[in-house]
There are 2 protein chains.
Amino acid sequence: MPSGQPSPPTTGGPPTSATANAVLGLLSFGRELSGYDLKKWADHSLQLFFWSPAMSQIYTELQRLESLGLVTSRLEEKADARPRRLYAITDDGRTWLSHWLASEPVDLPMLKNAMVLRVWLGDLMDPDTLTAMVREHRDRLQARLERTREDRRTITGWASMAHAEVVIRWAERYYAAEVENSDLLLEDLAALETPG
Amino acid sequence: MPSGQPSPPTTGGPPTSATANAVLGLLSFGRELSGYDLKKWADHSLQLFFWSPAMSQIYTELQRLESLGLVTSRLEEKADARPRRLYAITDDGRTWLSHWLASEPVDLPMLKNAMVLRVWLGDLMDPDTLTAMVREHRDRLQARLERTREDRRTITGWASMAHAEVVIRWAERYYAAEVENSDLLLEDLAALETPG
DNA sequence: CGTTGCATGTAAGGTGTTACATGATTAC
DNA sequence: GTAATCATGTAACACCTTACATGCAACG
């Protein structure tokens with residue numbers, strides 16, 4: 001069989017990766033942002049349901065997106081501040097993103113939970129150490145839940161943030177469920193210790 | 001300042017990566033398994049809370065683990081069947097894994113949810129397309145929940161699977177919560193459409 | 001003046017995927 | 001017989017992180 005299309009060529013064509021589209025998505029809300037801004041934003045929004053790319057990757061991604069014409073950049077001109085490079089989405093970028101969102105099949109969520117991995121291998125661990133780890137984990141989830149609630153308060157009612165608000169409500173429920181599930185996990189672990 | 005330790009050297013030392021330890025963990029239940037077996041197993045256990053590595057990575061990982069002495073392999077000798085290479089964990093492997101589990105800090109769970117990403121960028125999408133995607137996603141979560149329930153029935157009561165059972169119970173609650181959360185997400189999306 | 005935060009990048013290397021190559025066995 | 005599944009691996013490449021390099025601005 002002749003080779004035909006070497007499948008989505010990736011190189012050359014617009015970005016395949018969800019990360020590139022996530023960065024483009026951050027810019028799609030319409031504001032001009034620096035790489036640094038983008039990272040902070042990502043930590044408070046994307047992080048909740050995706051993950052937050054490293055600074056260096058954001059810069060790399062931005063350069064790639066610019067070379068494809070999906071974003072543009074300019075140097076901010078302010079006399080008293082040091083220069084920053086600000087990025088904005090282009091019409092092409094918006095069109096591309098819109099198309100990608102509707103056409104690309106939605107992957108099942110990918111979850112990498114190192115805590116549950118430990119429980120799964122619990123036979124190899126000291127029960128008290130394991131329990132202490134799960135408790136700490138639970139508390140960190142709780143902290144994240146509270147931070148998410150605060151974030152919601154800050155964005156509630158913002159114009160053109162309707163979908164973002166729906167997502168943050170989703171995230172609140174998600175993390176609340178995680179905390180509850182951790183509590184039940186702790187109960188199950190305790191039950192393992194007390195035979196009968 | 002002199003460089004000092006170049007931080008965890010990674011190269012040379014035993015595996016840092018959670019993946020290597022997950023594969024080692026699959027073998028820690030004590031059975032001899034082929035790369036192929038491992039993949040199937042991973043799809044029904046690890047997949048629930050971690051993710052399932054590609055076949056090729058499993059083979060690569062096994063070779064690496066063997067070169068470190070954490071697993072051993074032998075060719076299965078059966079006259080009527082084609083040969084398979086079977087892997088087993090070594091005492092060193094068990095010791096290493098045990099140590100890693102207790103000493104390594106537990107990362108926060110990493111979640112990459114392409115569906116929620118789409119909702120987040122919902123302003124760029126046609127509402128009906130978005131809703132249809134969320135519904136399909138919900139149904140796939142439901143299907144996974146049901147498969148998880150079946151898997152639980154098959155392992156319930158198995159010897160030396162106590163922790164695995166705790167984890168599968170966790171996974172059932174997790175996916176049930178995900179389905180419920182998707183339903184609420186659909187309601188929120190519907191509310192966006194009907195102003196007032 | 002020293003530390004912290006802002007700000008932008010490069011280099012090297014590990015992690016993980018897809019595509020390719022190959023072939024035996026089993027079920028229809 | 002032919003399609004699906006079992007079975008093992010290599011090669012190329014995309015993806016992403018860490019470490020490094022650099023320097024300004026603001027605060028105490």
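Lettering follows sequence order; numbering is per chain, from 1.
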Distance, nearest 0.5 Å, that separates CD1 of Ile89(A) from CG of Leu124(B): 7.0 Å
Check the distance between dT8(D)'s P and Arg74(B)'s CZ and give it to me in whole angstrom. 13 Å
In whole angstrom, give the distance that lies between atom CZ of Arg84(A) and atom P of dG9(C). 12 Å
Rounded to whole Å, the CD-P distance (Glu66(A) to dG9(C)) equals 10 Å
Any carboxylate oxygen within less than 4.0 angstrom of a Lys/Arg side-chain nitrogen, looking at Arg169(A) and Glu172(A)? no
So, OP1 or OP2 of dT8(D): does either fall under 4.0 Å of a side-chain N or O from Tyr59(B)? yes
Is the shortest side-chain N/O distance from Gln57(B) to OP1 or OP2 of dT15(C) below 4.0 Å? no
Is any side-chain N of the basic residue among Asp37(B) and Arg31(B) closer than 4.0 Å to the acidic one's carboxylate O? no
Distance criterion of 3.5 Å, no angle test: do you see the side chain of Ser34(A) paired donor-to-acceptor with the base of dT8(C)? no
Can you work out whether Gln63(B) or Lys112(B) has the more 5'-proximal nearest nucleotide on DNA chain D? Gln63(B)
Does this structure show an ion pair linking Glu178(B) with Arg144(B), if we count only N-O contacts that are shorter than 4.0 Å? no
Please give, in whole Å, the distance from dT17(C) P to Glu61(B) CD? 11 Å
Taken to the nearest whole Å, CG/Leu38(A) to C1'/dA7(C) is 13 Å
Expressed in angstrom and rounded to an integer, what is the separation of Lys40(A) atom NZ from dA7(C) atom P? 6 Å
Does the distance from a Lys or Arg side-chain N to an Asp or Glu carboxylate O, for Arg149(A) and Glu146(A), drop under 4.0 Å? no
Over all strands shown, is Ser56(B) touching base, sugar-phosphate only, or nothing at heavy-atom distances under 4.0 angstrom? base
Between P of dG9(C) and CZ of Arg64(A), the distance in whole Å: 17 Å
Think Trp51(A) has a side-chain N or O under 4.0 angstrom from the OP1 or OP2 of dC15(D)? no
Mapping Tyr87(B) and Ser52(A) onto DNA chain D by nearest heavy atom, which one lands closer to the 5' end? Tyr87(B)
Would you kindly give the CG-to-C1' distance between Leu62(B) and dT10(D), to the nearest whole Å? 15 Å
Just to confirm, is there a sub-4.0 Å distance from OP1 or OP2 of dC16(D) to any side-chain nitrogen or oxygen of Thr60(A)? no
Candidates dT15(C), dT8(D), dA7(C) - which lies nearest the side chain of Arg85(B): dT8(D)
